[in-house]
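Sequence lines set the chain letters: A, B, ... in the order given, protein chains first and strands last, and positions in each chain run from 1.
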Amino acid sequence: MAFGKGHHLHLIDGSAFIFRAYHALPPLTRKSDGLPVGAVSGFVNMLWKTVEDNRGPDAPTHAAVVFDKGSHTFRNDLYDQYKANREAMPEDLRPQIPLTRDATRAFNIACLEQEGFEADDIIATLACRARDAGARVTIVSSDKDLMQLVGDGVDMFDAMKNLRIDSDGVVAKFGVTPDKVVDVQALAGDSVDNVPGAPGIGVKTAALLINEYGSLEDLLERADEIKQPKRRQTLIDNADQIMLSKKLVTLDCDMDLDYALDSLEVKEPIADELLGFLTEMEFRTVTRRIAEALNVEVPVIPEEESSATSPSDPPEAIPFDATGYTKVNDIKALEEWIARAHARGYVAVDTETTALNEMTAELVGISMCIEPGQACYIPLTHKASAADDLFGSNELADDQLDLEDVLALLRPMLEDPSVLKIGQNMKYDAKIFARYGVSVAPIDDTMLMSYAMHAGLHNHGMDLLSERYLGHHPIEIKSLLGSGKAQITFDRVAVDDAVKYAAEDADITLRLWQAFKPELHKKHVTTVYETLERPLVGVLADMEMTGIKVDREVLSKMSNAFAQKMAQLEDEIHALAGHSFNVGSPAQVGEILFETMGLSGGKKGKNGKYSTPADVLEDLATEHELPGRVLDWRQIQKLKSTYTDALQDHINTDTGRVHTSYSIAGASTGRLASTDPNLQNIPVRSEEGRRIREAFIATPGHTLVSLDYSQIELRILAHIAGIDALKEAFLEGQDIHAATASEMFNVPLDEMTADVRRQAKAINFGVIYGISGFGLARNLRIPRDEAQGFIDRYFERFPGIRAYMDNTVTFAKEHGYVQTLFGRKINTPEINNRGPHAGFAKRAAINAPIQGTAADVIRRAMIRMPDAIAKLPAKMLLQVHDELLFEVEESAADDLIAVAKDVMEGASMPAVDLTVPLTVDAGKGANWAKAH
DNA sequence: CCTGTCACG
DNA sequence: GACGTACGTGACAGGG
């Protein structure tokens, strides 16, 4: 059938893939000869993902990858400065260019390029022809230069963001329909391609003009009608340059191409050719993945001397194979495993349970591994049948050892100081064992090892680590439990399936441990792991198991009061709007405000709906009553749903307390994160919200004590950046924000106004976050230039801050990570990105050492705390980044404060002797509101 | 399942 | 010259 209606053509912008891959990935070389292949590797991954993502009903019938060829094109003849400011191609990218062509052919996808033309022109010509033939076209690219082609069945697809761009998307980007995009580009110019355009006119203004005058030609003809004198003159003076720009940005839709669209028909890759190319490149991970997807044997790539944690190069070692996994169902076999663990001195351990919540989960089985490939699973409380039906099927499955017998045998080994227990997220297993009376120690944790080495690179879940560092895709828990409503608990899993799954987990854990252990040294994070990660596991497990008492009555009364208040507000809002609607739907609120009521300032989000965040509503509140009421409603709805309602469900029925879970490896900076429930974001800033803290109480005869570091991040900044003026202010115990204001604006401290202090405070915080004029302006609600003025002044007075920021970014660019004072590394893989993401990465890099050092300090305090308060009738309950909350017998409260304060204030010592004092404020009371 | 919104440090 | 921007988190509701 000839190409035409019903067909779907994919045109992939290959050059964009290459550059994206090159800049996004660390340099990577082929092991055998050092050939740079990082960009090829990224290119292959992106191409494979595109192929995989495009199976299914909307699959392309025809496809091609299109590349640029040669640097001289017809545009250079038109304008010799075209793309003249392009940097030369990096040396290590050049040899990879032909390899990307080879890769494309290996995938059996048409590979198109033509001397003297840009990829964009080929794409344009093919897209136009396909469209005219009645077919659909998807251009896989996010390049704005291609947006002029959109419409009439031609879409774009941004593979990075997984975002389809249609006419509406183009309107969102350029403010005009696709057919007018070239007009806007001609006016706005393009600094990247060195298209001149009209000086002083950007996309916004250009779109405004084109929409008003209809077309570029009409605009230039009627330029004398423009009201703004500067703009008018610019257009009149630069008319020729603008028309030239239009020629430069207009894609050639009518190239001579010596192939027909039919020839681009999609063909399945030929396994031999594709895998041949991949093995030649020595891409182990992707070779395996693609071989598995194509259902062919994974080719063996000869192993050179290799680093175990290089993602492109996982160890091939012993293949994963369930035949080495055994079920332990007699005492003798169990004793043998225990003896082997003793003999070896270490054992990987994993528990299988009925739930993710360690406080309610019941033990179902235990797996162990001592040697890669050899692992066992001890089923304990598996049920006889897969479902809990009417016929009393809650009976245990046959052939399982008795839980108590097994624990009695395992306990000496699990508690033996000479046997290291290795786990992935050991806090979970340790808590489970603790509930069965076994205190597991000592431990190693592969999740935390990965965190110490790879924070900022990726998450540290076992499946991901296995895939990335062992090249093995583990059995998914979903395949055993199912998902959604039909999900079963692990005790309903057939024992034979459980053996394969659980033994494999222990096997993976052991292999990860073997791979990571030597890497900790090589990456110089052993101290971090040993002093800031590993010792925290037991401390947090204890805190979590202790929990905090929460008064259900208090919460429930507040919920009722909130419900009434919400109903009342809803009535008022509906009356103001003139009809009833869902106040909880931002989309509907936006419609009411910006359409029904015709207020201005409505912005639409990426889903095409109005966005109605608090700051927008606050601005609108001056014009109308409704936005303010919506804000009130939202605040109460938040308090009710997230706190007064949800917290009640988290009160443990056995303990009457709430037991959060802290993730140690969740936040890249070293901070903890609290989940189920999050007790690190209990309201405090608003009066109404703060009352929720009254529900967090001490048991009778006890009191809650809260200790928090005062301005810890600013102090750390003052130390790291060496800002004498700030240090002095801290040493003298001054109000730091007032002192900053005084220094900046030359106002004596005793004449300081609250407003000036507030501005200085915002700047102080801004600096920690990697300040920008825009951000400060928004925060302080002042004009941007004014905010920039503040910042300039701040840098003038504290030049060390600027130096710190610059040095940190430079360090990150050079090393790919930044560090805290205690040696914690936070990887910064995006620091060399260009474009809009660059700013993000820089600010994150600036913030990470400060936030991370503060996180390290409180970790050190927490690790020392149990010993320090051992003789006091006190327990540490919660951590909220710079605050520790304790429960203590009333009579000992002041003793506790004295001891804990010392530990916290001295936490950096002896490793780091800060040149600013750390000070801790203390409070106590019957509830958290009073203690804070 | 993703997005918007908002709670905390 | 314009663009898009404060850092780090987690939970909930709406909506396709």
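Atoms CD (A:Glu687) and P (B:dA7) sit 15 Å apart, rounded to a whole Å. Taking atom NZ of residue A:Lys144 and atom P of nucleotide C:dC3, one finds them 11 Å apart after rounding to whole Å. At whole-Å resolution of the value, CG in A:Asp882 and C1' in C:dT9 are 14 Å apart. A:Phe765 has its CZ atom 13 Å from the P atom of B:dC8, to the nearest Å. The CG atom of A:Leu639 sits 12 Å away from the P atom of B:dC6 (whole-angstrom rounding). The distance from atom CD1 of A:Ile763 to atom P of C:dA6 is 18 Å, rounded to the nearest whole Å. Rounding to whole angstrom units, CD1 of residue A:Ile712 and P of B:dC8 are separated by 20 Å. Atom pair A:Ile720:CD1 and C:dC7:C1' shows a separation of 14 Å (rounding to whole Å applied).
Between A:His454 and A:His460, the ring-plane angle classifies as parallel under the 30° and 60° cut-offs.
A search for side chain to side chain donor-acceptor pair (under 3.5 Å) contacts involving A:Arg778 returns nothing, not counting sequence neighbours. Applying the ring pair (Phe, Tyr, Trp, His ring centres under 6.0 Å) test to A:Tyr794 and every residue at least two apart in sequence or in another chain returns A:Phe798. Applying the side chain to side chain donor-acceptor pair (under 3.5 Å) test to A:Glu694 and every residue at least two apart in sequence or in another chain returns nothing. Taking A:Thr660 as the reference, A:Ser674 meet the side chain to side chain donor-acceptor pair (under 3.5 Å) condition, with sequence neighbours excluded.
Counting non-hydrogen atoms under 4.0 angstrom, A:Ser611 reaches the backbone sugars and phosphates but no base. Counting non-hydrogen atoms under 4.0 angstrom, A:Ile682 reaches the backbone sugars and phosphates but no base. Within 4.0 Å (heavy atoms only), A:Ala762 reaches at least one base atom of the nucleic acid. Nucleic acid contact for A:Gly200: sugar-phosphate only, since backbone atoms but no base atoms lie under 4.0 Å from a heavy atom of the residue. Among the protein residues, A:Ile771 comes within range of the nucleic acid bases, having at least one heavy atom under 4.0 Å from a base atom. If you check every strand for non-hydrogen atoms under 4.0 Å, A:Arg784 touches a base.
Taking 4.0 angstrom as the limit, A:Arg634 places a side-chain polar atom (N or O) nearer than this to OP1 or OP2 of B:dC6. Side-chain nitrogen and oxygen atoms of A:Arg778 include at least one within less than 4.0 Å of the OP1 or OP2 phosphate oxygen of C:dA6. Taking 4.0 angstrom as the limit, A:Arg843 places a side-chain polar atom (N or O) nearer than this to OP1 or OP2 of C:dC7. Distances shorter than 4.0 Å separate none of the side-chain N or O atoms of A:Arg685 from OP1 or OP2 on B:dA7.
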**Q.** Per-nucleotide protein contact string for nucleotides 10-16 of chain C, where B marks a base within reach and S marks sugar-phosphate only (heavy atoms under 4.0 Å, - for neither)
**A.** BBSSSSS

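If you take atom P in C:dG4 and the same atom in B:dC6, they sit 23 Å apart, rounded to whole Å. The P atoms of C:dA6 and B:dT5 are separated by 14 Å, rounded to the nearest whole Å. For B:dA7 and C:dA2, the C1' atoms lie 35 Å apart once the distance is rounded to whole Å.
Taking a cutoff of 4.0 Å between a charged side-chain nitrogen and a carboxylate oxygen, A:Arg781 and A:Asp619 qualify as a salt bridge.
A donor atom on one side chain and an acceptor atom on the other are not found under 3.5 Å apart for A:His659 and A:Glu358. A:Arg693 and A:Ser706 share no donor-acceptor pair across their side chains, judged by distance under 3.5 Å alone. A:Gln648 and A:Ser556 are not linked by any side-chain donor-acceptor pair at a separation below 3.5 angstrom, with hydrogens and angles left out of the test.
For the pair A:Lys640 and A:Phe562, the NZ or CZ position fails the cation-pi test of under 6.0 Å to the six-membered ring centre and within 45 degrees of the ring normal.
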Q.
Would A:Asp190 and A:Lys144 count as a salt bridge (charged side-chain N to carboxylate O under 4.0 Å, His left out) here? Give the steps.
A. CA-CA 11 Å; A:Asp190 184 347; A:Lys144 60 180 174 10; 2.9 Å; yes

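Closest-nucleotide positions on DNA chain C for A:Thr669 and A:Ile201 were compared, and the one nearer the 5' end corresponds to A:Ile201.
Base pairing in DNA chain C yields stems of at least 3 consecutive Watson-Crick or G-U pairs, both distances under 3.5 Å, namely B:1-9 with C:7-15.
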